[in-house]
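Down below is the structure, laid out as structure tokens.
Remember, it's a predicted structure, so these values are computed and weren't measured experimentally. The analysis underlying the following values was restricted to heavy atoms, covering all of them including side chains, and did not include hydrogens, waters or symmetry mates.
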Amino acid sequence: MPTGFGRLWIAQTISSLGDGVTYAALPLLALTLTRDPMALAVVTAAGTLPWLLFGVLGGALVDRWDRRRVMWVADTARAVLLAIPAAAAVLDVLSIGLLAAVAFLLGLGGLFFDTATTAYLPDLLRRDPALLERANSRLSGAQTAMSGFAGPPAGSALLALGRTVPLLGDAVSFLLSALLVRTLPALPRPVPEAHESLLRQARAGAAYVFKDRVLLGLALRPAVGNVAFLAVETVLALFAHDRLGIHTYGFGLLLTAEATGGLLGAGIASRLGRRLGTGTALTCTATVEGLAVLGLACAPNPYVAGMALAVCGAGMGATMVLAPSLRQAIVPARLMGRVAATSRMLAMCAAPVGAFLGGWLASVYDIRTPLYAAAVLLLAMTAVTASMTSNRRVEAALRAAAPAGGPERPASEVPALECATDLS
């Protein structure tokens with residue numbers, strides 16, 4: 001692994017810790033202002049709207065700009081932004097509207113940072129499939145450990161010290177990440193398409209995804225999955241409080257259970273890919289996620305709920321290693337930013353639908369109803385997309401992306417990533 005990857009890994013680890021603090025603190029902070037599920041849904045959905053409004057255009061810009069610079073500027077901007085709700089809390093003028101606006105702008109910064117990181121990594125690792133899988137396993141593991149395992153309990157604890165403390169902690173993490181990213185090696189910018197407008201380049205990136213069956217299958221899974229997961233996330237704090245009797249600190253521990261499963265999933269992802277093929281492995285993990293959410297909906301106590309979230313996290317952890325590695329291995333460098341942004345945009349555009357669906361179902365029916373609906377959606381999505389990302393299709397895509405004249409290898413000698421298919 002190049003030395004630059006180590007710095008990128010550390011930067012994401014620090015930033016993910018801050019994200020985990022805010023992930024637990026923000027819904028709890030919103031709960032101090034309102035008990036209305038629809039108002040909570042507004043805050044949750046606001047962070048995903050930038051992908052709906054600017055996703056593909058953002059990817060086209062990343063394909064034009066210096067990707068390292070995009071990353072550190074986005075982190076610096078998010079650090080400054082978090083000072084706004086912290087100041088509002090001190091002045092006692094914090095509101096749901098302000099939290100939603102901050103969530104929107106944080107989402108916009110995340111759009112540019114995540115897209116630039118996804119596009120930068122294949123160039124840093126010379127588009128080597130084995131290195132990409134190892135790198136994504138480490139990045140996913142660090143992100144899960146920090147944003148899910150360590151961050152949420154810390155966020156719950158810091159919120160008890162004051163409403164501004166978790167926000168300021170996340171701001172510091174963004175600043176440290178920005179400083180580390182600035183030390184990464186500068187890589188050549190992609191060669192731009194001559195005389196093409198930004199809009200036309202954005203359309204070309206989107207068309208590339210929709211015309212490729214494997215990429216489309218990889219994009220549809222998180223799109224439908226986000227409807228389900230955001231429906232759950234929107235009501236999870238309320239569900240934990242009202243039905244499971246879990247309060248502030250316990251909620252952070254509940255989120256930690258999901259992160260623990262995510263670490264396990266990231267650790268065994270390559271083994272699953274080798275044994276089953278990536279496509280079959282990801283179909284299995286998607287099925288596990290749907291069944292785990294169903295178990296969460298039926299949970300009679302916090303312990304069963306924690307086990308269900310851990311199993312769901314394991315499925316997501318494996319998916320988030322194998323699928324991005326596959327996409328990065330088969331997409332040309334000049335299109336990487338746009339393809340990544342298009343895929344992420346489809347997923348994030350679906351998230352507001354899930355957030356409002358969860359809030360509406362909880363308001364009209366019962367707090368468990370969004371969880372049952374999410375389980376049905378996840379299982380239906382798995383059935384629909386399984387054939388689009390079969391092992392046979394993935395192997396063909398990897399062969400097409402391999403350098404001309406490369407040696408042919410029998411299937412038994414192909415790395416785990418090449419014996420499979422499927423997504424994040």
Side-chain angles (χ1 to χ4, degrees), residues 1-12 55-56 58-72 74 111-143 181 184-193 201 204-206 208-209 212 214-215 218-219 222 266 269-270 273 278 319-345 347 394-395 397-404 406 414-418 420-424:
M1 303 288 279
T3 56
F5 173 75
R7 295 197 293 273
L8 180 62
W9 187 16
I10 294 171
Q12 178 169 303
V56 181
L61 288 171
V62 166
D63 279 341
R64 289 184 171 191
W65 293 342
D66 182 320
R67 289 158 176 173
R68 182 189 62 167
R69 180 176 296 174
V70 171
M71 287 189 282
W72 72 257
L111 184 160
F112 282 104
F113 183 88
D114 293 345
T115 302
T117 303
T118 302
Y120 180 85
L121 188 62
D123 291 337
L124 180 67
L125 302 182
R126 303 176 297 279
R127 308 185 72 78
D128 183 306
L131 288 181
L132 284 169
E133 188 170 301
R134 287 171 56 195
N136 282 308
S137 178
R138 295 181 186 183
L139 290 171
S140 179
Q143 183 176 19
V181 168
L184 293 175
L187 300 176
R189 296 186 188 185
V191 178
E193 292 89 343
Q201 289 180 350
Y208 193 85
V209 173
D212 187 289
V214 173
L215 291 176
L218 295 181
S270 295
T278 307
T319 296
M320 291 168 63
V321 170
L322 294 172
S325 301
L326 172 59
R327 185 187 294 110
Q328 290 166 335
I330 65 177
V331 175
R334 64 183 178 82
L335 288 165
M336 193 66 245
R338 283 167 284 173
V339 169
T342 299
S343 302
R344 186 70 181 273
M345 184 195 71
V394 171
E395 290 171 10
L398 286 162
R399 284 194 297 269
V414 178
L417 176 63
E418 299 187 22
T421 197
D422 227 272
L423 168 334
S424 135

Leu184: which residues meet the side chain to side chain contact (heavy atoms under 4.5 Å, CB included) condition with it, sequence neighbours left out?
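So Leu184 forms a side chain to side chain contact (heavy atoms under 4.5 Å, CB included) with Arg7, Leu8, Arg68, Met71, Tyr120, Val181.
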
Any idea which heavy atoms bring [X] and [Y] closest together, and the distance?
{"X": "Ile330", "Y": "Tyr208", "value": "O-OH, 4.1 Å"}
{"X": "Arg338", "Y": "Gly205", "value": "CB-CA, 3.8 Å"}
{"X": "Ala135", "Y": "Leu125", "value": "CB-CD1, 3.4 Å"}

Could you please spell out the steps behind the side-chain contact (heavy atoms from CB on, under 4.5 Å) verdict for Ser343 and Val209?
CA-CA 7 Å; Ser343 302; Val209 173; 4.2 Å; yes

Would Thr115 and Leu61 count as a side-chain contact (heavy atoms from CB on, under 4.5 Å) here? Give the steps.
CA-CA 10 Å; Thr115 302; Leu61 288 171; over 6 Å; no

Donor-acceptor contact below 3.5 Å, side chain Trp65 vs main chain Val70
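No: the side chain of Trp65 does not pair with the backbone of Val70.
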
Identify, with sequence neighbours excluded, every residue that meets side-chain hydrogen bond (donor to acceptor under 3.5 Å, both in side chains) alongside Gln12.
none

Taking side-chain hydrogen bond (donor to acceptor under 3.5 Å, both in side chains) as the test, write out the residues that go with Asp114, two or more places apart.
Arg344

Mind checking whether Leu326 and Val214 have side chains closer than 4.5 Å, heavy atoms only?
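Counting from C-beta outward, Leu326 and Val214 do come under 4.5 Å.
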
Apply side-chain contact (heavy atoms from CB on, under 4.5 Å) to Asp63 and Gln201, showing your working.
CA-CA 9 Å; Asp63 279 341; Gln201 289 180 350; 5.9 Å; no

As an exercise, state the distance from CG of Leu139 to CZ of Phe5, rounded to the nearest 0.5 Å.
4.0 Å

Among Val339, Leu322, Asn136, Thr118, side chain to side chain contact (heavy atoms under 4.5 Å, CB included) partner for Arg327
Val339

